[in-house]
K.L.:
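Pasting a structure below so you can have a look.
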Amino acid sequence: MKKVSPRTLSGFMELLPDDQLVMNELIERLQRSYELFGFSPLDTPIIEAAEVLLAKAGGETEKQIYTMQKGESELALRFDLTVPLAKFVAANYGALSFPFRRYQIGKVYRGERAQRGRFREFYQADVDIIGDGELGLIYEAEIAAVIYKTITSLGLDEFKIKLNNRKILNGFFEHIGERENSLFILQTIDKLDKIGLKAVINILSDKGIKRESIDETLKFLGVSGSNSEILEKLEQYKDKNETLSTGIEELKEVTESLKDFLVPEDKVLIDLSIARGLDYYTGTVYETFLDKHPEIGSICSGGRYDNLAEFYSKKSLPGVGVSIGVTRLFYVLDEQGLLNKECFSSADVLIIPLVEDLKGPIGIASKLRGRGIKTELYTEKRKLKAKLSYADKIRVPFVILLGEDEISSNELTLKDMKSGEQRGVSLEEAAEQILKRKAQTADIRLIAEKKEEE
RNA sequence: GUGGGUAUAGCUCAGCUGGUUAGAGCAUCGGAUUGUGGUUCCGAGGGUCGAGGGUUCGAAUCCCUUUACCCACCCCA
């Protein structure tokens with residue numbers, strides 16, 4: 001029979017059990033962190049009516065949406081979790097309590113060319129707060145706190161949350177008369193590090209941007225220093241434009257509130273060049289970078305939008321939220337060898353029977369499971385050597401051996417796979433030891449200790 | 001969408017300007033060691049050389065077509 005090649009599509013992540021355990025742990029930690037801030041879970045369908053998903057799409061995103069037909073229906077796969085949220089809030093407006101705080105961790109799909117760290121199917125972990133009619137600035141600070149707390153809870157401590165306010169940029173470009181070109185100018189200037197000053201100026205000039213505007217923009221974006229220094233330097237722009245002025249005030253207020261949320265000052269940096277690609281953001285914007293891996297881009301991005309559901313509802317529903325690219329984050333951490341993979345196993349103990357009759361071993365397994373111990377029973381008829389080799393490979397911390405000797409002495413042999421030590425103990429004693437170890441490793445680091453520089 | 005690269009064992013790859021029986025490491029299985037894994041040693045199985053066509057006495061190797069994948073750009077998580 002001709003065999004079909006067992007391939008997995010490009011851009012789709014599929015993990016071996018060892019890695020999946022770590023991925024699950026990563027997702028669980030994100031979930032726990034979001035719940036710590038009182039966000040409630042939401043799960044929406046992966047497939048939506050094409051009309052719904054495409055309501056506000058256009059340009060680049062529209063090209064990337066997977067669409068399909070089933071009978072008469074035009075369907076599409078969601079490409080982010082924000083559009084489904086907008087639909088959901090509009091559809092369930094009457095049943096929700098505002099401010100509506102929800103988190104959602106799920107897969108999204110983008111039909112673009114796959115690449116290193118760039119997937120076509122990937123997990124996003126979103127948190128958003130949606131207001132009814134209005135939403136205070138305090139939430140923009142709170143979201144920054146959520147980012148800080150969440151990234152920290154993963155065990156990462158070398159990262160920076162970059163903060164900006166969209167009104168500042170919009171106001172500034174209005175002020176210099178380049179409103180229409182603002183997006184293009186920002187995108188080009190964003191490449192400064194990659195292609196250099198000269199190339200940036202050339203590209204902008206070719207587009208017909210006045211030299212004056214280019215210089216003004218570079219000067220403005222070049223405003224740097226500590227947060228308070230930047231805010232001080234911005235004072236001079238305050239009377240130039242109303243939007244700009246509002247933006248500066250908002251940025252100031254959000255930055256100040258961060259202290260109340262106990263976010264360390266050195267973790268959040270104002271960066272005027274942070275713009276975010278999607279231009280539906282209208283206020284604060286966030287991007288989060290790992291100090292040692294700026295090349296991978298932002299691992300958590302988002303911002304404030306003034307009207308989430310404008311395509312679905314007459315209601316004004318302002319919101320603020322961020323999204324963590326979980327799949328990319330996992331990929332990068334894995335590639336950098338930063339994941340503590342050895343520490344996660346699916347079972348707490350593996351029972352290896354050495355006798356034909358499995359009644360005893362099955363009974364013991366049930367008892368251990370009854371005590372909340374993840375117990376696997378190995379029932380293959382193979383040599384002990386092979387059985388232990390299996391235990392070794394699944395990295396189970398303990399093995400219980402049950403043979404003639406154990407049955408006649410009414411004990412079981414508990415073997416610690418790491419130390420290799422083993423001894424005859426009662427079921428009760430074995431359970432206690434396993435639970436003790438489980439408790440010790442419950443708070444294990446997801447991120448491996450930094451390797452010593454050599 | 002644009003540009004470049006790769007395709008040989010389950011995995012990572014070697015295979016010279018074409019030469020007869022296509023290799024290595026890892027993994028798997030067996031043995032050294034019949035109730036003791038992670039180390040070592042010995043052995044075994046495993047391939048229509050991505051697919052289709054062409055050149056040639058002869059093709060994994062050269063040419064054409066095609067498909068898939070990888071890398072980068074664009075854009076993004």
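In what follows, chains carry the letters A, B, and so on, assigned in the order in which the sequence lines appear, proteins first and then strands, with residues in each chain numbered from 1.
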K.L.:
Assess whether one donor atom and one acceptor atom, taken from the side chain of A:R110 and the base of B:rA77, lie less than 3.5 Å apart.
P.N.:
yes
K.L.:
Does A:R328 get its side chain close enough to the base of B:rC76, under 3.5 Å, for a donor-acceptor pair?
P.N.:
yes
K.L.:
Answer with base, sugar-phosphate or nothing: what part of the nucleic acid does A:L329 contact at a heavy-atom distance below 4.0 Å?
P.N.:
nothing
K.L.:
Rounding to the closest angstrom, what is the interatomic distance between B:rC62 and B:rA14 at atom P?
P.N.:
14 Å
K.L.:
Contact class for A:S389 (heavy atom, under 4.0 Å): base, sugar-phosphate, or nothing?
P.N.:
sugar-phosphate
K.L.:
Should B:rG3 form a Watson-Crick or G-U wobble pair with both distances under 3.5 Å, which nucleotide is its partner?
P.N.:
B:rC71
K.L.:
Determine the Euclidean distance between corresponding P atoms of B:rC11 and B:rA44; express it in Å to zero decimal places.
P.N.:
23 Å
K.L.:
Would you measure the distance from the P atom in B:rG19 across to the matching atom in B:rC63 and give it in whole Å?
P.N.:
15 Å
K.L.:
Are OP1 or OP2 of B:rC73 and a side-chain N or O of A:Q115 less than 4.0 angstrom apart?
P.N.:
yes
K.L.:
Which nucleotide, if any, forms a Watson-Crick or G-U wobble pair with B:rG52, using both distances under 3.5 Å?
P.N.:
B:rC64
K.L.:
Out of B:rG37, B:rC29, B:rG35, which has the shortest distance to the side chain of A:T413?
P.N.:
B:rG35
K.L.:
Find the distance A:I407:CD1 to B:rG35:P and express it as a whole number of Å.
P.N.:
15 Å
K.L.:
Taking atom types as they are modelled, would you say the side chain of A:K385 forms a donor-acceptor pair with the base of B:rU34 within the 3.5 Å cutoff?
P.N.:
no
K.L.:
Search all heavy atoms of A:P397 against all heavy atoms of A:A347 and return the closest pair with its distance.
P.N.:
CD-O, 3.5 Å
K.L.:
Can you tell me which nucleotide in B:rC69, B:rG35, B:rA77 comes closest to the side chain of A:S10?
P.N.:
B:rC69
K.L.:
Nearest whole Å is fine: how far is B:rA77 P from A:Q104 CD?
P.N.:
16 Å
K.L.:
Does A:R382 reach a base, just sugar-phosphate, or nothing at all? Heavy atoms under 4.0 Å.
P.N.:
sugar-phosphate
K.L.:
Looking at A:Y286, does the NZ or CZ of A:K162 lie under 6.0 angstrom from its six-membered ring centre and within 45 degrees of the ring axis?
P.N.:
no
K.L.:
What's the gap between B:rG43 and B:rG5 when it is taken at their C1' atoms, as a whole Å value?
P.N.:
40 Å
K.L.:
Quickly work out the A:F119 CZ to B:rC69 P distance and round it to whole Å.
P.N.:
14 Å
K.L.:
Using atom OH of A:Y390 as one end and atom C1' of B:rU36 as the other, report the distance to the nearest whole Å.
P.N.:
17 Å
K.L.:
Please report the distance, rounded to the nearest Å, between OH in A:Y286 and C1' in B:rC76.
P.N.:
20 Å
K.L.:
At under 4.0 Å between heavy atoms, what does A:K107 touch on the DNA or RNA strands: base, sugar-phosphate, or nothing?
P.N.:
nothing
K.L.:
Quickly work out the A:E121 CD to B:rA77 P distance and round it to whole Å.
P.N.:
17 Å
K.L.:
Look at the side chain of A:E112 against the base of B:rA77 and say whether a donor-acceptor pair falls under 3.5 Å; ignore hydrogens and angles.
P.N.:
yes
K.L.:
Kindly say if A:K393 contacts the phosphate of B:rU28, meaning a side-chain N or O under 4.0 Å from OP1 or OP2.
P.N.:
yes
K.L.:
I need the NZ-P distance between A:K387 and B:rU33, as an integer number of Å.
P.N.:
20 Å
K.L.:
Between B:rC29, B:rU36, B:rU2, which nucleotide has the shortest distance from any of its atoms to the side chain of A:R113?
P.N.:
B:rU2
K.L.:
Give the ring-plane orientation class for A:F172 versus A:F220, where under 30° counts as parallel, over 60° as perpendicular and anything between as tilted.
P.N.:
parallel
K.L.:
Should the side chain of A:D392 and the base of B:rG37 be counted as holding a donor-acceptor pair, with the cut-off at 3.5 Å?
P.N.:
yes
K.L.:
What is the pairing partner of B:rU20, taking Watson-Crick or G-U wobble pairs with both distances under 3.5 Å in any strand?
P.N.:
none
K.L.:
Should the pair A:R101 and A:F39 be classed as cation-pi, given the thresholds of under 6.0 Å to the six-membered ring centre and 45° from the axis?
P.N.:
yes
K.L.:
In a check of side-chain contact (heavy atoms from CB on, under 4.5 Å) between A:Q124 and each of A:I105, A:L81, A:V326, which one passes?
P.N.:
A:L81
K.L.:
With C1' as the reference atom in both, quote the distance from B:rU8 to B:rG25 in angstrom, rounded to an integer.
P.N.:
15 Å
K.L.:
Say we look at B:rA59 and B:rU48: how far apart would their C1' atoms be, to the nearest angstrom?
P.N.:
15 Å
K.L.:
Only pairs with both distances under 3.5 Å count, Watson-Crick or wobble alike; so what is the partner of B:rC26 in this structure?
P.N.:
B:rG10
K.L.:
Could you state the CD1-P distance from A:I161 to B:rA77, rounded to the nearest angstrom?
P.N.:
16 Å
K.L.:
How are the rings of A:Y109 and A:Y66 set to each other: parallel, tilted or perpendicular (split at 30° and 60°)?
P.N.:
perpendicular
K.L.:
Could you pick out which residue, A:K383 or A:M417, lies toward the 5' side of RNA chain B when each is mapped onto its nearest nucleotide?
P.N.:
A:K383
K.L.:
Does A:R437 use its side chain to pair, donor to acceptor, with the backbone of A:F398 at less than 3.5 Å?
P.N.:
no
K.L.:
Distance check, C1' atoms only: B:rU20 and B:rU56, in whole angstrom units.
P.N.:
15 Å
K.L.:
Is it the case that B:rG35 (base atoms only) and A:Q422 (side chain only) share a donor and an acceptor within less than 3.5 Å, ignoring hydrogens and angles?
P.N.:
no
K.L.:
What is the distance from atom CG of A:D128 to atom CG of A:L85, rounded to the nearest 0.5 Å?
P.N.:
5.5 Å
K.L.:
Rounding to the closest angstrom, what is the interatomic distance between B:rC49 and B:rA7 at atom C1'?
P.N.:
10 Å
K.L.:
With the six-membered base ring of B:rA77 as reference, does the ring of A:F122 sit under 5.5 Å away with planes under 30° apart?
P.N.:
yes
